[in-house]
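Accompanying notes for the structure given below.
We count residues from 1, following the sequence as given. Here the structure is a predicted model, which means the values were calculated and not measured.
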Amino acid sequence: MSACASIPPLPAPVITVNACLVVTRCQLPAAAPRTNGAMLLALERAEAAWATCAAKVDAVVDCQEDADVQAEKP
């Protein structure tokens, strides 16, 4: 009888987590400019750091909004 035969166990299901990135603190580079040129460089580095941070935050917001839209679908 086929009911008496041993059947190998099914493989464990693969769990996939579909989550957004974790938001991390923004970090600005330390600066102690002593000349106008150094001040300009410090400003440019700070602006670049803020842009990088804003891009990360925007990516998380986009992910969360997409997840909300997917959750609303039947």
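Between Ala38 and Pro33, the shortest heavy-atom contact is C-CB, 3.6 Å. Heavy-atom minimum distance, Leu28 versus Ala46: CD2-O, 3.9 Å. Smallest separation of non-hydrogen atoms from Leu21 and Val60: O-CG2, 3.7 Å. Across all non-hydrogen atoms, the minimal contact from Arg45 to Pro29 is CB-CG, 3.9 Å.
How far SG of Cys53 is from CD of Gln27: 9.0 Å, rounded to the nearest 0.5 Å. With rounding to the nearest 0.5 angstrom, the CG atom of Asp66 is 8.0 Å from the SG atom of Cys20.
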Trace of the side chain to side chain contact (heavy atoms under 4.5 Å, CB included) decision for Thr35 with Met39: CA-CA 6 Å; Thr35 65; Met39 189 178 299; over 6 Å; no

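More than 12 heavy atoms of other residues, nucleotides or ligands lie within 6.0 Å of CG in Asp68, so this atom counts as buried by the packing criterion.
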